[in-house]
Every structure is written in C-alpha cells, then in structure tokens.
Number of protein chains: 2
Amino acid sequence: MPVTIRDVARASGVHVSTVSRTFSAPHLVNPETRTRVLSTAESLGYRPNRAARALITGRTHNLGLIVADIANPFFPPLIKAAESQARQRDYHVFVADTNEDALVEEELVQALAKQVDGVLLCSPRMSNDHIEQLRREVPLVVVNRLVEGIPAVVMDVAQGAKAAIEHLVGLGHRHVAYLAGPRGSWTNRELRRAATATARALGANLTVLGPHQPTETAGVGAAEQVLRSGATGVLTYNDLMAIGLLEGLHDRAVKVPEQLSVIGIDDIALSRLIRPKLTTVATPTAAAGRAAVDMLLQPDDDRRTTAQVTLQTELVVRDSTGPAPRRTAASRPPSATPVGSLKE
Amino acid sequence: MPVTIRDVARASGVHVSTVSRTFSAPHLVNPETRTRVLSTAESLGYRPNRAARALITGRTHNLGLIVADIANPFFPPLIKAAESQARQRDYHVFVADTNEDALVEEELVQALAKQVDGVLLCSPRMSNDHIEQLRREVPLVVVNRLVEGIPAVVMDVAQGAKAAIEHLVGLGHRHVAYLAGPRGSWTNRELRRAATATARALGANLTVLGPHQPTETAGVGAAEQVLRSGATGVLTYNDLMAIGLLEGLHDRAVKVPEQLSVIGIDDIALSRLIRPKLTTVATPTAAAGRAAVDMLLQPDDDRRTTAQVTLQTELVVRDSTGPAPRRTAASRPPSATPVGSLKE
DNA sequence: TAGTTCGCTGCAAACGTTTGCTTAGCCAGA
DNA sequence: TCTGGCTAAGCAAACGTTTGCAGCGAACTA
C-alpha cells in the first residue's frame, strides 16, 4: 500500500539507487533524469521512509525532549522554541514528561536513545552520575544544570537571585526567605546558594523554607510557613510557587507588597497577568530551547568549544515588592504563632 | 558500537531469531534459554532498535501530536495527558507546533505519516477536505472538530455557549457579544452558531466581533471594539482572549463585572488566578487527550463504533460576570464613540 | 588512435529486526 | 520399529533505504 522507492524506480524506468540519489545526492544524477524521477515521485505521492534511512545512515533526524512537567508553564515556551528550531533543521522531536520523577527520566532517555540523534534533558532531577552514564548511550544536552563534561545550557539564576535579594534589602527588608524548590534541582541549589551568600554579604538574615514541589499548590500551602518565618521578603524557586504564595497570602488577608514582598523566578506569561503583578527574575527560556537544539545538532568538533552556555537573567520589578513594613508583627495574621525571633 | 541482537545471540550461543523471539514471543522459547538470553542482553545493555522493528512489522509505536500553539495554555494539559496515556501503552509521541498555520499542519502530517502509527490533530485549522485526504495517508484522530467519517473527540462547546449566554441574559444583559476566534476553527463556528441561536431564542441582541487570533494580545486589542459594540456581556472564543480583554478593559478603567461581564472558554489554570476570577466554560482537555489516544490505538474493528466522542462542558461561574448595568452609557469610557444604538 | 578522465547509472551488500518454513530431537502410541 | 506430533531452535528472506564499487559510453588528452 505505501509507495516506496521501488515503485518510483519502476514507474520512472530507473534503478532504485538512482531514485535514492535523486533525493539524497541530487548533484550525482542527470538533471533530466532527476526531474523525471521527481515528477513521478510527486505524482505517486512518494515520501521517503526515515526509519529505513536511519537504519543505514545511523541518523534518525529525531530529537528527544524530556521535561519534568509539560503543564508547568515554564516549559511550553521552551518546548515550542526547541521544536521550532529543530524542525527548521529538518528534525522532529519526541516530547516526554517525567512527572518530576528521576526514575522515569532515566527510563525515558534509554527508551528514546535508539530512536533519536540526541536528547535534551530539561531541568533533570536525576543525579549527575546518572547523567554522565546516559551520556554514553546517546548525545545529551542538559538544560538548567551544570554537569562536568556534559554540554549544557543554563540560566544565570545565581545572578538573578543576587539581584533579587539586593532588591529586597535595598527596600529595607532585613529578614528574607528563600522558598525552595524540589530536591534534585540544580537551579534550586544555585538559587539557595546565591541567595544565602548575597544576604550574608549584605548583613541580612535569610531563612530557607522547603523543599517544595515547584507548583502553585505548594506555594499556597507554604503561605503559613512563610508568615511563621517572620521574613518580610520572599524569593521563590519559581513564579508558579510565587503565584501560589500570593494566593495563600490573599486568603489570609496579608497585603502584598505592603506587608510582604514576593519575588518569583522565570517570568512566565502569567506573572504579569495576576494582581499584584509579580516582580520576578526573567529567564530566557525560548532562547535556551533554541541554544540547546543548536548544541545538539552541532558537528562534534565544535561541541567541545561551546560545551556550556550561560544565558543572562534579568530582574523585572513589578508590583509584588515594596518597602519593608515598619513593624513586622503587623504582617502576621492574628492566628499565626510566631516562631523564632526577628532580628531588626 | 551500539549493541545489536546479533551481539546478544553470539554472546549467549543462540541464533538471532531466538533472541528476537525472547523479546517478541517469549512463550516460543525454552524458559532456560530465555533467562540466559535475557541476562546476557541485560549485561550487554541491549536495547531493541524500534526503527528496525518497525520496518518489518509496520508498527512504529510512535504517535504524532499536532497542535496550533504549544505555548497556548489550553494545550499543555492536553499534551501531557496524551503523552502519558500513550506511554502507558508503550508509545512515544512526536509533538509539533503549527503556529496556527494550516499549511504547516498539512506538511507536518505528511512528514510524520511514515514515522508514526497515527496522528492526533488538535484544533486543526485546515479544511475538512484536506483532513479527509490526509486520513488516507495515516490514521487520524481529530480533536476539537467534527469531520464526516473521521474519528474525533470534541467538547460540547455549543452547550457551553448556550449556558454562557443564558447566564448572561439571566443576569439581565440584553445586548451581548461573541468575540470570535480564528477563521479555520470548528470550535469557533460552533460557539458562534450556538451563541447566536441562544441569544435569538431568548430575545437578546448578539453582536459577533472578529475574527481574531486566539491570543491574549488579541483580547487586549479587542477591548475598544467590545466597548464600541455597546454589549454589556461578552463571550470570548477562549480564556486567553478573555484575559486579554480584561486587561484591556482595566487599562480603560472599565469595571468588570460592574460595567461589563466577561465569559471565557476552556477554564485554563490561569482563569482562577487572575482578578476578577474568570467565569468560564470548562472543557475537559486532559480527558480529551486521553480519549484521543485511546481511539487512535484501538483495534480497527472497534473504531467505527466509537468514531466520535463528545465530552461535556460546564459553566463555571466566578467573578467576571454580574448583573447588567442600568445605563450602558456608563460602561463606555469618555473617549469611546458610541456606534449603533442599544435596544433596551 | 589509444588511453584517460568524467558523468551517469546499475548492482548488490548492508542496516537491525521479524517471521514463515525447515530441521532436530524427543516422546507416545500402535 | 515405525509413525505422528510436539517443542525448540536455526535458516533465510524480507522491510525500505543508502552507498561503495563497477560498468559504460562520451569527451578530452596525448
């Protein structure tokens, strides 16, 4: 039923190899023959079978793209950009969702390995050792993680966290908190590290809260914890948690930014649609997707030199941050039990 | 370098066909041999090459999933659900984005055709004729469109539009508008039809505005048009446009729902995060994704009987709708020039 | 005119599997 | 002892391509 190269060959009176060459090495075939073959191929509706081609060339012209959670608004722009970039280079992309599960991640890479020319591993949750091991089965580019010897695209979130904490302290906040993301996340470690270091350098007090799932729900649930901490300014692992936090605070009648300042990370589309508009650290996700695809598709020689690229982040100040309140006690709802004392 | 079935055969002292059968028809091989083969395969790190298998079986165990815009928040939950369902059935899925372009859609289906066992076409923009034609190249399930003879999963948006208009008229709105989506969209036509019919049946006045791109930006831009129309209640093609409209109205200091009521469609996560919380018609997108995959993977015999499934929608009343204002003139900003007269 | 190069095409092997057919060995029944 | 049936395994063709090699005229070189 499906029309093959052989059908085209028969119909145009040439050998299959000539048909093959018409598509894969046109300059090797007589222009006259070429047009004849092309037109019969066209009229027969012939489409090359990429799997068969892959079998012999070893190149599938497919890519794998593995993310923690497709529905997390951070990823779609990245997926879209990566897919678009890949398709421009005549590649198709498998997209898979791990549900934040490191084991699933690993299985997926292995399952995809034989079927793709490379895998984009976005915000992986698995250990570095596992990544290095998988690297031997299939070319890999990791996004949002730095692993020795593995090509990677990362955002300079440390710089972003620094800017965020500086922003808060500059507004007079002396006690800030970092609402942490999931355990396996490199970004989470970076943020935590940079936030802590910056706070210390500025003589401010920083509390780390978490870890948490990087979801809005987790943010809602963390509101209580944040209030208890006594912090007047919060940096969160991502915008989703920040937005959840905003909701949780709203439910408790805590005013943002009057009583509490909140900063997210990522600058997802949502963050400027909610009220108050979220102050956040913008990460160039689309650019990351494109860059990662480019790295994966680069000839081997170049790959070493461009092994790791860092994209700049930028603090976007909107309406969820403001001057520190005078008396922090006011920022707590009556029901909240204060824990620990606040250093002013 | 990559380990093949032949390596396993050699290492375990059997013929390749025995190794093959160990994986694809275990009951045909002696339990003893089987375990031996399995363990050497394991230790060599053998992974079957699905492309090679596909070449001979004709089944790739891959699916294609084509959407208009990955970054449109309507789609990620659908993609996630479809991918998850597919993987449970040992299928991988290609995800592709058409940028709302009917031509790209067609090219994609054709490019994917040979590489997949079926394609999910979500919210297609191309004509029915084209869909029927593509149907001959590859099994197809269409989501959000009803095409004669093509398996489909649709949401009962007509019912949703009816409920929405009834809700508005019930609140006293006599002049309502439908802010239309893109031209090729079946959902758009359904909504328009149902909204018009319902309004007529209730003796209300309905204005159709559009078509528009189904984006937030388009919604912002349509604010002026909506105000000019004189309508006091608006149903939009999707939540994204509704949210944009809300923004545009906010910029013009028009109060929602006091001066204007807005209803979206889809109930994307965003719609309960913005203020006012959006009244909207919830569509079961995840369920649609799962259902579509199930249909695609069903044995041929059953497919005819379950050719088209319709999923129920539900009006979710939140804060963006309220009683019609007394004097509609008040709902217009000073700068807006009234066009047409309002029948009260 | 003979030899060499060149452009184009055909031939056939190969890629990693699956699968219908055949074979080998064994056991039961007669 | 022979026949028949069964289980387990091997053999080889096939899937749709690509590609190194060889062949063959024609054109160029000497």
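In what follows, chains are A, B, ... by sequence order, proteins preceding strands, each numbered from 1.
What separates CZ of A/Arg10 from P of C/dG10 is a distance of 14 Å, to the nearest Å. Nucleotide C/dA13 holds its C1' atom 13 Å from the CG atom of A/Leu55, rounded to whole Å. In this structure, the CG atom of A/Asn49 is 16 Å from the P atom of C/dG16, given to the nearest Å. One can place CG of B/Leu44 at 16 Å from C1' of C/dG16, the figure rounded to the nearest angstrom. As a whole-Å value, the separation of A/Lys114 NZ from C/dT17 C1' is 12 Å.
Of the candidates C/dT17, C/dG20, C/dC11, the closest approach to any side-chain atom of B/Ile56 belongs to C/dT17. Considering only side-chain atoms of B/His15, the nucleotide from D/dC11, D/dT18, C/dT19 that sits closest is D/dC11. Counting only heavy atoms from C-beta on, B/Asn30 has its side chain closest to D/dA9 among D/dA9, C/dT9, D/dC11. Of the candidates C/dG16, C/dT9, C/dT18, the closest approach to any side-chain atom of B/Arg6 belongs to C/dG16. Listed nucleotides C/dT9, D/dG10, D/dT17 differ in distance to B/Arg21; the shortest reach to its side chain belongs to D/dG10.
Heavy atoms of B/Arg47 sit under 4.0 angstrom from primed sugar atoms or phosphate atoms, though from no base atom. Contact annotation for B/Pro2: no contact, since no heavy-atom pair falls under 4.0 Å across all strands. Using a 4.0 Å heavy-atom distance criterion, A/Ser17 is classed as a base contact.
Between the side chains of B/Arg145 and B/Asn128, at least one donor N or O sits under 3.5 Å from an acceptor N or O. A donor atom on one side chain and an acceptor atom on the other are not found under 3.5 Å apart for B/Glu100 and B/Gln213.
If you find the closest nucleotide of DNA chain D to B/Gly13 and to A/Ala52, the one lying nearer the 5' end belongs to B/Gly13. Residues B/Val16 and A/Ala51 each lie close to DNA chain D; by heavy-atom proximity, the contact nearer the 5' end of the strand is made by B/Val16.
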key: B/Tyr46 vs B/Phe23, ring-ring contact (aromatic ring centres under 6.0 Å, His included): CA-CA, chis, key distance, verdict   = CA-CA 11 Å; B/Tyr46 167 74; B/Phe23 289 99; 5.5 Å; yes
task = Quick one: do B/Asn62 and A/Gln115 satisfy side chain to side chain contact (heavy atoms under 4.5 Å, CB included)? Show the steps, please.
result = CA-CA 10 Å; B/Asn62 290 150; A/Gln115 236 173 149; 2.8 Å; yes
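For the pair B/His61 (side chain) and B/Asp90 (backbone), a donor-acceptor distance under 3.5 Å is present.
Contact annotation: B/Ser20 reaches the phosphate of C/dT18 (side-chain N/O to OP1 or OP2, under 4.0 Å). Neither OP1 nor OP2 of D/dT17 sits under 4.0 Å from any side-chain N or O of A/Thr57. In terms of phosphate contacts, B/Thr18 brings no side-chain nitrogen or oxygen within less than 4.0 Å of OP1 or OP2 of D/dA8.
The base of D/dG16 lies outside donor-acceptor range of the side chain of A/Arg50, with no N or O pair under 3.5 Å.
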